[in-house]
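Just below is one structure, and these are the notes that go with it.
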Amino acid sequence: QVSLVESGGGLVQAGGSLRLSCAASGRTFSAGTMGWFRQAPGKEREFVAGITWIGGSTTYADSVKGRFTISKNNARNAVYLEMNSLKTEDTGVYYCARSPRAYISTTSAFYDSWGRGTQVTVSS
């Protein structure tokens, strides 16, 4: 069983920055991928960014390319999401998730462990 805990959310003005963290504990793993998803009120959960544990390959949603950066620390079993130039449309609950697949999937169904989420609110 893998436990994921997100932190770092909060209220920020448009144009500002936030750094989200995801700490993994429990059953250790050295393969697979980690992803960040978000869900805005009244909308479906959507993929934001993903990274492979081995190699550190990354994938981003078009809406965040150039503004968000995903990174990892294998020794700490941690994943981060640096968010810059935030927009009001970035508001939502951000979830960290883990997939056993070796390649990054943008589909939430392929992720088997999820955190409880952290709220990000971007004001205009």
Side-chain angles (χ1 to χ4, degrees):
Q1 185 71 20
V2 176
S3 174
L4 302 175
V5 179
E6 304 94 337
S7 62
L11 173 64
V12 64
Q13 286 190 328
S17 299
L18 280 175
R19 184 176 189 248
L20 305 184
S21 298
C22 173
S25 62
R27 180 171 61 88
T28 58
F29 47 86
S30 58
T33 63
M34 296 294 293
W36 284 98
F37 288 75
R38 67 186 180 189
Q39 188 165 18
K43 295 187 177 181
E44 294 187 353
R45 191 171 299 187
E46 64 175 356
F47 174 82
V48 175
I51 189 167
T52 59
W53 278 116
I54 298 175
S57 297
T58 59
T59 298
Y60 296 92
D62 288 342
S63 58
V64 306
K65 280 181 182 177
R67 300 188 299 121
F68 290 12
T69 302
I70 187 171
S71 62
K72 62 182 177 67
N73 184 320
N74 291 59
R76 295 186 176 184
N77 275 347
V79 178
Y80 309 98
L81 186 67
E82 185 76 33
M83 305 186 295
N84 299 314
S85 302
L86 283 162
K87 305 175 181 179
T88 55
E89 51 263 45
D90 294 319
T91 294
V93 179
Y94 282 69
Y95 298 91
C96 174
R98 181 254 176 181
S99 170
R101 291 174 173 245
Y103 57 88
I104 299 168
S105 174
T106 61
T107 303
S108 60
F110 292 130
Y111 290 78
D112 59 5
S113 298
W114 291 82
R116 291 188 174 185
T118 185
Q119 176 70 46
V120 171
T121 303
V122 184
S123 63
S124 57

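Only heavy atoms go into these numbers, but all of them, side chains included; no hydrogens, no water, no symmetry mates.
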Note to self: Looking at Ser57, is its backbone amide N or carbonyl O close enough to the side chain of Thr52 to form a donor-acceptor pair, meaning the two atoms are under 3.5 Å apart?
What the structure shows: yes
Notebook entry, point to check: Can you name the residues that form a salt bridge (Lys or Arg N to Asp or Glu O under 4.0 Å) with Lys43, not counting sequence neighbours?
Noted result: none
Notebook entry, point to check: Of all heavy-atom pairs between Cys22 and Met34, which one has the smallest distance, and what is that distance?
Noted result: SG-CE, 4.1 Å
Notebook entry, point to check: Between Ser99 (side chain) and Phe110 (backbone), is there a donor-acceptor pair under 3.5 Å?
Noted result: yes
Next item on the list: Write down the atom of Tyr80, the atom of Ser21, and the distance for their closest heavy-atom approach.
Entry: CD2-OG, 3.4 Å
Margin query: Using the rule that Ile, Leu, Val, Met, Phe, Trp and Tyr join whenever any side-chain heavy atoms are under 4.5 Å apart, tell me whether Val64 and Ile104 fall into a single cluster.
Written below: no
Checklist line | Straight-line distance of Met83 CE to Arg19 CZ, nearest 0.5 Å | finding: 11.5 Å
Checklist line | Heavy-atom pair of closest approach, residues Val93 and Gln119 | finding: CG2-OE1, 3.3 Å
Margin query: Would Ser123 and Leu11 count as a side chain to side chain contact (heavy atoms under 4.5 Å, CB included) here? Give the steps.
Written below: CA-CA 7 Å; Ser123 63; Leu11 173 64; 4.3 Å; yes
Margin query: Could you report the tightest heavy-atom contact between Thr106 and Phe37, atom names first, then the distance?
Written below: O-CE2, 3.8 Å
Margin query: Test your reading of the model: is there a side-chain donor-acceptor pair from Thr118 to the backbone of Gly9, 3.5 Å cut-off?
Written below: yes
Check: Where is the tightest heavy-atom contact between Tyr94 and Arg38, given as atom of each residue plus distance?
Finding: OH-NH1, 3.0 Å
Notebook entry, point to check: Could you give the distance from CD (Glu46) to OG (Ser63), rounded to the nearest 0.5 Å?
Noted result: 5.5 Å
Item checked: Nearest-0.5 Å distance that lies between atom CD1 in Ile54 and atom CG in Asn74 -> 8.5 Å
Next item on the list: List the steps, then state whether side chain to side chain contact (heavy atoms under 4.5 Å, CB included) holds for Leu20 with Val120.
Entry: CA-CA 9 Å; Leu20 305 184; Val120 171; 4.1 Å; yes
Margin query: What's the separation between atom OG1 in Thr58 and atom NZ in Lys72, rounded to the nearest 0.5 Å?
Written below: 11.0 Å
Margin query: Please find the pair of heavy atoms, one from Val12 and one from Leu18, that lie closest to each other, and give the distance.
Written below: CG1-CD1, 4.0 Å
Check: Shared ILVMFWY cluster between Tyr60 and Phe47, side chains joined below 4.5 angstrom?
Finding: no
Item checked: Tyr95 vs Tyr111 side-chain heavy atoms within contact, under 4.5 Å -> no
Next item on the list: State the CZ-OG distance between Arg76 and Ser25, to the nearest 0.5 angstrom.
Entry: 15.0 Å
Check: What's the spacing between Leu86 CG and Phe68 CZ if we round to 0.5 Å?
Finding: 5.0 Å
Margin query: When you group the ILVMFWY residues by side-chain heavy-atom contacts below 4.5 Å and let the links chain together, are Trp53 and Ile70 in the same group?
Written below: yes
Checklist line | All salt bridge (Lys or Arg N to Asp or Glu O under 4.0 Å) counterparts of Arg67, not counting sequence neighbours | finding: Asp90
Note to self: Apply salt bridge (charged side-chain N to carboxylate O under 4.0 Å, His left out) to residues Glu6 and Arg116 and explain how you reach the verdict.
What the structure shows: CA-CA 7 Å; Glu6 304 94 337; Arg116 291 188 174 185; over 6 Å; no
Notebook entry, point to check: Can Ile51 and Trp36 be said to form a side chain to side chain contact (heavy atoms under 4.5 Å, CB included), step by step?
Noted result: CA-CA 9 Å; Ile51 189 167; Trp36 284 98; over 6 Å; no
Item checked: Greater than 12 external heavy atoms within 6.0 Å of Glu89's CD -> yes
Checklist line | Side chain proximity check, Pro100 to Asp112, heavy atoms < 4.5 angstrom | finding: yes
